[in-house]
**Student:** 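This is the structure I want to talk about, given as structure tokens.
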Amino acid sequence: MDYLDLKYALAKKGYTLTRVANELGLFGPQSVQQVLTRKYISARVEQRVSEITGIALEKLFPDRYHVTKRRRNADDKNNMEKSRGGGPA
């Protein structure tokens, strides 16, 4: 999502950059703006924007947060083999 999309998503929830900055104890709205335009990185600001908008970090900041796929563990593999009739004899 780009800066305007993020700003609009915040506005839909009744938030401004100033309000987010005040809640986080930041110097001013430009601190939040710089994170949203990706000039600076702040996990705290990113997390708060995600909480406010209800949008996952992976969707808001795909360049920083990647979707993690669930890895199969050994038990899942063994259960699949048993259900197919294969597996160790």
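It should be emphasised that the depicted structure is a prediction, and the values quoted were computed from it without experimental measurement. Along the sequence shown, residues are numbered consecutively beginning with 1.
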**Student:** Nearest 0.5 Å please: distance from the CD atom of Q47 over to the OG atom of S42.
**Tutor:**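 Between atom CD of Q47 and atom OG of S42 there are 10.5 Å.
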
**Student:** For residues 25-42, pull every pair meeting salt bridge (Lys or Arg N to Asp or Glu O under 4.0 Å), keeping only residues two or more places apart or in separate chains.
**Tutor:**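 Residue pairs passing salt bridge (Lys or Arg N to Asp or Glu O under 4.0 Å), neighbours aside: R38-D63.
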
**Student:** Which other residues end up in the same hydrophobic cluster as Y40, if Ile, Leu, Val, Met, Phe, Trp and Tyr are linked when side-chain heavy atoms come under 4.5 Å apart?
**Tutor:**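 Noted: Y40 shares its cluster with no other residue.
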
**Student:** Which ILVMFWY residues can you reach from Y15 by hopping between side chains whose heavy atoms are under 4.5 Å apart?
**Tutor:**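 Y15 shares its hydrophobic cluster with M1, Y3, L4, L6, L10, L17, V20, L24, L26, V32, V35, L36, V45, V49, I52, I55, L57, L60, F61, Y65.
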
**Student:** If the condition is salt bridge (charged side-chain N to carboxylate O under 4.0 Å, His left out), which residues does R44 pass it with, not counting sequence neighbours?
**Tutor:**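 For R44, no residue satisfies salt bridge (charged side-chain N to carboxylate O under 4.0 Å, His left out) once neighbours in sequence are set aside.
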
**Student:** Applying salt bridge (Lys or Arg N to Asp or Glu O under 4.0 Å) as the test, list every pair that has at least one member in residues 22-32; sequence neighbours left out.
**Tutor:**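 Every pair satisfying salt bridge (Lys or Arg N to Asp or Glu O under 4.0 Å) with a residue in residues 22-32: R19-E23, E23-R48.
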
**Student:** Report the residues that fulfil side-chain hydrogen bond (donor to acceptor under 3.5 Å, both in side chains) with D2, sequence neighbours left out, ordered by chain and then residue number.
**Tutor:**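 Counting only residues at least two positions away or on another chain, D2 forms no side-chain hydrogen bond (donor to acceptor under 3.5 Å, both in side chains).
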
**Student:** Begin from the C-alpha positions of E58 and H66 and carry the test side-chain contact (heavy atoms from CB on, under 4.5 Å) through to its verdict.
**Tutor:** CA-CA 6 Å; E58 296 85 2; H66 304 286; 6.0 Å; no

**Student:** Could you pull out the closest heavy-atom pair between A21 and P29, with the gap in Å?
**Tutor:**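 Closest approach of A21 to P29: CB-N, 4.0 Å.
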
